[in-house]
Amino acid sequence: MALEKVNVYWFRKCLRLHDNEPLLRLAQQQTVPLLPIFIFDSKFLPETRESENQEDCTGALSGQNQFQFLLECLTDLDAQLQAMGSKLCVFLNRTTEDVFQHLVTTFDVQALHYAKDSEPFAQIRDATVTQLMEDNGIEVHSSWAGHTLVDLDEMKEHWDGTVPKTYKKFWPVVETLNVPASVESVTAVPPLPALDLLLVNGDASNLCETVPTLTELGFPPLVKHCPFYGGERQGLERMEAKLSNTSWVCGFEKPKTSPASLQPSTTVLSPYLTLGCVSARYFYHQIQEVYRKNNHTKPPMSLHGQLYFREWFYYLSYTTPNFDKMEGNPLCLQVDWEMDDAKIQQFKEGRTGLPWIDAAMRQLREEGWIHHLARHAVACFFTRGQLYQHWEAGKNIFAEYLLDGDYALNAANWMWLSCSAFFTAYFRVYGVESFPKKYDKAGVYVKKYCPELRNMPSKYIYCPWDAPLEVQQDANCIIGVDYPHPMVDYKEAKQDCMVKMKAAYARKQRGTAGPGGQKRSVTQADLGEPPARSVRKKPRRQKPKKNKPKSTGKKKTKGTQKRGKKKKKVTRKKRKGKN
DNA sequence: ATCGACGTTGTTTCC
DNA sequence: GGGAAACAACGTCGA
């Protein structure tokens, strides 16, 4: 007997009905039943991930908050599909290949459509599935569908194998390539095929009745929900709310928003963009609408500027091997980072004894989101600033807890903050007292996320170890008992790190992407001489006058010296002239 | 080739 | 308190 004809739409990211070209195409073929599916591949669920070393999970979701958010996205999609007489078919506890194998033997599949995904694990997965379908004579259609502003393959052609190393070089190109218009939303879908055919094998098909729960995925139940709820409708609502404030949109400058605000000072659309509840391209055009009749800020600080950064990092991650690693990554400076499990753990749990750092890390764990500058501050502290731990370890922590723990953006930003790529001024270190003080003198933010410090006087809120014992007693917070001693003297640690970073820069080694990705480990020989141990902290204050500062460690080359000197002079002159 | 300008968002001191 | 300079000095780009 002839099998029933179906088209299959495969949701992975792009969990939306708006600006979803491959879905729209199938939705318009009303004569063929449509099966909208989502697969929880058993490879990526907690049980398997723990038991097997899953290298190829790189880029896949891992944290509990993220899965909760994802489930909410699926529930929202399912509800919207049900309102159109369909539903979302979720498969659990099977591998992706198994599910497709099952589909092609159960139905006469006409076509498979999906939105492209640039992450390495996804590209491998998609190539495998595409092959499987094509072996069965099934047409496969995919497109970028607005997850990036511009088609990444078109971008690749434009750059013709080169990699734009600076943002400034990259962003105007996005504008010249023209961001395509978003496609219309899907408002009707063809009916479902007969699902009971899928259940012929009973449980073996693992087609869920409804969107599963967190515990069904193998996670412990949520203790407390984070403040953000997943879903296309949630995302669009948030976007519209933000865009309705015209003056805020037009005046947006990222560096002027506060990382210590109790209510997010930015859009918090990133979790929705990460999973594609909101199309980046659609958001871009909606911002453009607001800009149209108003003066507005410009990249890099503006909202469009933020999307250009995202685009740049997506493009780089798409074209750079081992983008989320140091070794074998041609963009990444090779640094002799440490990997100290105890330190990593203290950082991860918000027990460093440095209130600003701990508050941010605790907010991250509890809420799945922290402000961009708080990410900067903790990433700087963890790597080149104080702890000198490997940025990959920090990146993995963010990847686990951030709702927007996006493969491309997370790796790029960790490289940025650790001065491994894009940014090189390693002597600019965020202070763990001075920086938060600029935004929050009273320490309200710290007191919220580190409640044991809530009675500490503002004077000591960022340095409670300096509080006299009687002050600690009055505040009911004894350092070393109720709140940890600082794990480092942050000023000393900064000086040590700068010496090491200077040596790393002197070695000038970036990763080499050799054939096969080249995975050998970096040896001491690669790294050159360890930094001389006693170069040091020069007394900060020292009457300056116009003497050259005494040189530390290696001597500068003549070129460097000259350059620095001259430049400074010019700058000074210029400024004087201006005033 | 060399040099100056510049880089999404630093800190501390001095005036 | 606000603004400017000192701090120490990187890579990339382009003239």
5′-ward residue of the pair A/Lys441/A/Phe423 relative to DNA chain C: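 First, find each residue's nearest nucleotide; the 5'-ward one identifies A/Lys441.
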For a quick check of understanding: with a heavy-atom distance under 4.0 Å over all strands, which category does [X] fall into, base, sugar-phosphate or nothing?
X	answer
A/Trp171	nothing
A/Phe309	base
A/Glu253	nothing
A/Lys508	sugar-phosphate

Over how many whole Å does the gap from [X] atom [atom1] to [N] atom [atom2] extend?
X	N	atom1	atom2	value
A/Phe422	B/dG7	CZ	C1'	13 Å
A/Phe381	B/dG10	CZ	P	19 Å
A/Tyr167	C/dG11	OH	C1'	19 Å
A/Lys494	C/dA9	NZ	P	12 Å
A/Lys165	C/dG14	NZ	P	12 Å
A/Arg310	B/dT8	CZ	C1'	18 Å
A/Lys491	B/dT12	NZ	P	7 Å
A/Phe427	B/dT11	CZ	C1'	12 Å

For A/Tyr291, check side chain to side chain donor-acceptor pair (under 3.5 Å) against everything at least two apart and list the hits.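 Once residues adjacent in sequence are excluded, A/Tyr291 has no partner under the side chain to side chain donor-acceptor pair (under 3.5 Å) criterion.
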Only Watson-Crick and G-U wobble pairs with both distances less than 3.5 Å should count. Give DNA chain C in dot-bracket notation, marking inter-strand partners with |. .||||||..||||||
Measure the CD-OH distance between A/Glu311 and A/Tyr284 for me, rounded to the nearest 0.5 Å.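 Between atom CD of A/Glu311 and atom OH of A/Tyr284 there are 9.5 Å.
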Nearest-0.5 Å distance, CG of residue A/Leu387 to SG of residue A/Cys497: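 Reported value, rounded in 0.5 Å steps: 7.5 Å.
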Could you work out the separation of [N] and [M] based on their [atom1] atoms and round it to a whole Å?
N	M	atom1	value
B/dA5	C/dA5	P	15 Å
C/dC7	B/dT8	P	26 Å
B/dA1	C/dC13	C1'	14 Å

Options C/dC13, C/dG11, B/dT8, nucleotide nearest the side-chain atoms of A/Lys169: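 My answer, after comparing the listed nucleotides, is C/dC13.
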By nearest atom, which of the nucleotides C/dG1, B/dT8, C/dC13 is closest to the A/Lys254 side chain?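 Taking heavy atoms from C-beta onward, the closest nucleotide is B/dT8.
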Would one find a side-chain N or O of [X] under 4.0 angstrom from OP1 or OP2 of [N]?
X	N	answer
A/Lys502	C/dA9	yes
A/Lys298	B/dT8	no
A/Lys168	C/dT12	no

Whether over 12 other heavy atoms sit under 6.0 Å from A/Glu289 CD: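 Atom CD in A/Glu289 is crowded, with more than 12 foreign heavy atoms closer than 6.0 Å.
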Just one of A/Phe309, A/Trp312, A/Trp414 clears the ring-ring contact (aromatic ring centres under 6.0 Å, His included) bar with A/Phe422, so which one?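 For A/Phe422, the ring-ring contact (aromatic ring centres under 6.0 Å, His included) check succeeds only for A/Trp312.
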Check residues 460-468 of chain A and write down every donor-acceptor pair under 3.5 Å in which the side-chain atom is one partner and the other belongs to a residue at least two apart or another chain.
residue  : atom : partner  : partner atom : Å
A/Tyr462 : OH   : A/Asp440 : O            : 2.6

Tell me, please, which residues at least two apart from A/Glu452 pass salt bridge (Lys or Arg N to Asp or Glu O under 4.0 Å).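 A/Arg362.
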Just checking, is any N or O donor in the side chain of A/Tyr401 or A/Gln66 under 3.5 Å from an acceptor N or O on the other one?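 No, no side-chain donor-acceptor contact under 3.5 Å.
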Heavy-atom contacts under 4.0 Å between residues 428-435 of chain A and DNA chain B, which residues?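 By residue number: A/Arg428, A/Val429, A/Tyr430, A/Gly431, A/Ser434, A/Phe435.
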Donor-acceptor contacts under 3.5 Å from residues 369-385 of chain A side chains, at least two apart:
residue  : atom : partner  : partner atom : Å
A/His371 : ND1  : A/Leu373 : N            : 2.8
A/His371 : NE2  : A/Thr257 : OG1          : 2.7
A/His371 : NE2  : A/Ser265 : OG           : 3.4
A/His372 : NE2  : A/His376 : NE2          : 3.1
A/Arg375 : NE   : A/Ile370 : O            : 2.8
A/Arg375 : NH1  : A/Asp404 : OD1          : 3.2
A/Arg375 : NH1  : A/Asp404 : OD2          : 3.3
A/Arg375 : NH2  : A/Ile370 : O            : 3.0
A/Arg375 : NH2  : A/Asp404 : OD2          : 3.0
A/His376 : ND1  : A/Tyr430 : OH           : 3.0
A/Thr383 : OG1  : A/Ala379 : O            : 2.7
A/Arg384 : NE   : A/Leu417 : O            : 2.5
A/Arg384 : NH1  : A/Tyr426 : O            : 3.2
A/Arg384 : NH1  : A/Arg428 : O            : 2.8
A/Arg384 : NH2  : A/Arg428 : O            : 3.3

Any non-hydrogen side-chain atom of A/Tyr439 less than 4.5 Å from a side-chain atom of A/Tyr445?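 No. Closest side-chain heavy atoms not under 4.5 Å.
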Strictly below 4.0 Å, N to O, side chains only: are A/Lys500 and A/Asp336 in salt-bridge contact?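 Salt bridge: no.
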